[in-house]
Structures are given as structure tokens and as C-alpha cells.
Amino acid sequence: MTTLVTPAVPGPDQYPNAGQYPGEGQYPGPAPSVPPGTLPGMVPPDVPAQAPRKGWWRRNTVWLVLLPVAVVVAAGASSFRVWAYWWPTGLHHEVDRAAAGATAHLAGEYYDLGFDVPERANTYVLREVDASVTGVERVTELPPPAYDDPMPIPEGSVAYAVGMHFAAEPQTDISLCQIILVAEDGTRYGESNADLLGNLNRCAPPEAEGSLTVQPEWDVTSYVLADPDATITQVRLAFGGPEYVTFDLP
């Protein structure tokens, strides 16, 4: 039978001269603190000190310089989108102004889809109309509409009959017509295209079919509701904007 014997760990008694020479107190074998691969007597190289970390401002200097440029570019792109959507859908550009009874010339481009005149499809067309205000009168009742029973003036409102005279080349598109009353404080009344009598085109005579002019000259009367206390000082004519003309009332 074989018995395994574990060798004894050398102790101080086995090295009686330990401590009498340089390196005393040390025993054969590499010291635990010596890095692997380092021979006795070697001086390990110094560990390079870690470079100090740059501050946030220094690390982001380039982006801070570019930030104002990015803001300007973003603002420019945003303003272009605002212009593209906002400008064509309101009354922003007064192209002519006249007194009541005088003639004003309204000219503006629109994009024609070709529903009424196929040869104009997908083109920009210049619409030109001469107009004058023949009268603005406050009325106590409305005439009967073409397709329904007479309509009373709503309580808390007053009605105005606005008479206008128009002249334009035949086949001129007058859809989206707006005949608007403007009060002294700037409030506007009647910006919708349909009037109180159910006519879908304020600039077209009642017997008109479609939105293209037939006669070179014609007259219409459009009815507009307003606040009883409003002082009406102007009439505006437009076709959906942005161009419009203004008529000053006496």
C-alpha cells in the first residue's frame, strides 16, 4: 500500500540565516507582489498616469459652434413651410382700393384643375375682374331663397344687402368668391363663399350655371349678417386669397 506524503512548507527554522543579509526576511521563491514575468532584482516600469478627462465644454466645442447654424437652417425650413401653407389660404395682399361706386381691378393667379375648361388643366391661370360696389343697405328681411322657405334674420344679428357690378372676359372662373363686410374695429363678416340664400357663389347671378362667366358684365346682390353694433366701413372682394380689393364706404 502506497501512502502519499505532502511536502512540508519551508519555515523559518529551515533558513536560520534569514534576515542577516540584504533582503532579509525573504525566503526563496518570487515575492507575491512581483508582477508575473518579472525576475528578482528587476524594477518594473512605471505605470503611465491616466490623462485628465477633458471638460464638457472642450469636448463639445465643435457642436457648440455649429449649433447656431443648425438653428438658422431649421428656422428657415420651418418658415418656408409656414409660408407655403398659410399664404395662399387667407387675404394678405391688397392689390387695389377704391371708393364706393368706383371701379377696382382684381388680378391674381390660381391653379386650374381643368374641371370646367380641360385645356387649362394643371396650369396657372390669371384671373382678372373689374368690380364696383353699387350699394350697401341694411335690410329688415331676406328675400325668399331659390330652393327653400324664406329665412328669418337670426336673433342678435342684422342683415346687409351688398350690391356689386362685375366685368370680366367670358369663361373667367369666379368660384370661391368672397364679398366681405369690414367693421370699424377690423371685424370681418361674410367670408364664406355661400350666402344666406343658399347661393354657392356670391359673385354669380342666380340664373348662372357653373362657375364660369358668360356675359361680359353682370350685377349681383349678396346678403351678409353682421353684429347689430358694428359700424361697417369697407367691402372687400376676393376669390379665396391671397389677393383682394377694398372698397371704402362713406
Side-chain angles (χ1 to χ4, degrees), residues 75 78-111 126-143 145 151-168 172-205 211 218-250:
S78 176
S79 63
F80 176 79
R81 289 193 296 270
V82 170
W83 178 90
Y85 287 103
W86 167 78
W87 179 257
T89 59
L91 307 184
H92 313 298
H93 183 202
E94 183 183 83
V95 296
D96 202 0
R97 195 182 191 105
T103 299
H105 183 72
L106 176 57
E109 284 190 340
Y110 70 95
Y111 188 76
L126 178 64
R127 178 197 292 115
E128 296 188 85
V129 177
D130 289 324
S132 60
V133 175
T134 58
V136 177
E137 180 184 1
R138 186 167 170 172
V139 297
T140 57
E141 61 181 12
L142 300 173
M151 174 183 173
I153 297 174
E155 186 177 353
S157 301
V158 294
Y160 287 87
V162 183
M164 299 199 68
H165 179 77
F166 293 97
T172 297
D173 191 326
I174 55 173
S175 59
L176 302 180
C177 172
Q178 297 168 285
I179 297 176
I180 302 165
L181 297 180
V182 184
E184 188 176 27
D185 63 358
T187 304
R188 300 186 297 197
Y189 302 94
E191 291 200 31
S192 64
N193 305 121
D195 68 3
L196 297 178
L197 305 183
N199 298 323
L200 299 179
N201 192 331
R202 290 181 179 270
C203 289
S211 59
W218 69 99
D219 294 282
V220 300
T221 299
S222 183
Y223 293 87
V224 181
L225 292 179
D227 188 273
D229 299 327
T231 301
I232 305 301
T233 59
Q234 294 178 348
V235 176
R236 288 184 184 177
L237 172 68
F239 293 94
E243 300 86 5
Y244 68 93
V245 294
T246 300
F247 303 92
D248 293 314
L249 302 179

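Values reported hereafter were calculated over all heavy atoms of this structure, with side chains retained and with hydrogens, waters and symmetry mates removed. As the structure is a prediction and not an experimental result, all values here were calculated from the model.
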Indicate yes or no: at least one non-hydrogen side-chain atom of [X] is less than 4.5 angstrom from one of [Y].
{"X": "Val182", "Y": "Val235", "result": "no"}
{"X": "Cys203", "Y": "Val129", "result": "no"}
{"X": "Arg127", "Y": "Thr172", "result": "yes"}
{"X": "Glu128", "Y": "His105", "result": "yes"}
{"X": "Leu237", "Y": "Phe247", "result": "yes"}

> What pairs with Ser132 under side-chain hydrogen bond (donor to acceptor under 3.5 Å, both in side chains), at least two apart in sequence or on another chain?
Replying inline: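 Here no residue qualifies.
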
> Can you list the steps and then say if Arg202 with Val224 is a side chain to side chain contact (heavy atoms under 4.5 Å, CB included)?
Replying inline: CA-CA 10 Å; Arg202 290 181 179 270; Val224 181; 3.7 Å; yes

Nearest-0.5 Å distance that lies between atom [atom1] in [X] and atom [atom2] in [Y]:
{"X": "Ile174", "Y": "Trp218", "atom1": "CD1", "atom2": "CH2", "answer": "5.0 Å"}
{"X": "Leu142", "Y": "Tyr223", "atom1": "CG", "atom2": "OH", "answer": "7.0 Å"}
{"X": "Ser211", "Y": "Leu200", "atom1": "OG", "atom2": "CG", "answer": "11.0 Å"}
{"X": "Leu249", "Y": "Thr231", "atom1": "CG", "atom2": "OG1", "answer": "11.5 Å"}
{"X": "Ser222", "Y": "Tyr160", "atom1": "OG", "atom2": "OH", "answer": "14.5 Å"}

> Do Thr246 and Gln234 have a side chain donor and acceptor closer than 3.5 Å?
Replying inline: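 No - no donor-acceptor pair under 3.5 Å links their side chains.
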
> Do His165 and Asp219 get their side chains close enough for a donor-acceptor pair, meaning under 3.5 Å?
Replying inline: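 Yes, Asp219 and His165 have a side-chain donor paired with an acceptor closer than 3.5 Å.
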
What are the two closest heavy atoms between [X] and [Y], and how far apart are they?
{"X": "Thr221", "Y": "Ala161", "answer": "CG2-CB, 4.0 Å"}
{"X": "Leu225", "Y": "Ala159", "answer": "CD2-CB, 4.0 Å"}
{"X": "Leu106", "Y": "Val95", "answer": "CD1-CG2, 3.6 Å"}
{"X": "Cys177", "Y": "Asn201", "answer": "CB-OD1, 3.4 Å"}

> Within the distance-only criterion (no hydrogens, no angle test), does the side chain of Arg236 pair as donor or acceptor with the backbone N or O of Ile179 below 3.5 angstrom?
Replying inline: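 Side chain of Arg236 to backbone of Ile179, a donor-acceptor pair under 3.5 Å: no, none is there.
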
> With no hydrogens and no angle check, is any side-chain donor or acceptor of Asp227 less than 3.5 Å from a backbone partner on Asp229?
Replying inline: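 Yes, the answer is positive, given that a donor and an acceptor are paired below the 3.5 Å cut-off.
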
>> Show every salt bridge (Lys or Arg N to Asp or Glu O under 4.0 Å) that has at least one partner inside residues 183-195, sequence neighbours left out.
In response: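 For residues 183-195: Arg188-Glu191.
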
> Where do Tyr244 and His93 land on the side chain to side chain contact (heavy atoms under 4.5 Å, CB included) test, with the steps shown first?
Replying inline: CA-CA 6 Å; Tyr244 68 93; His93 183 202; 5.6 Å; no

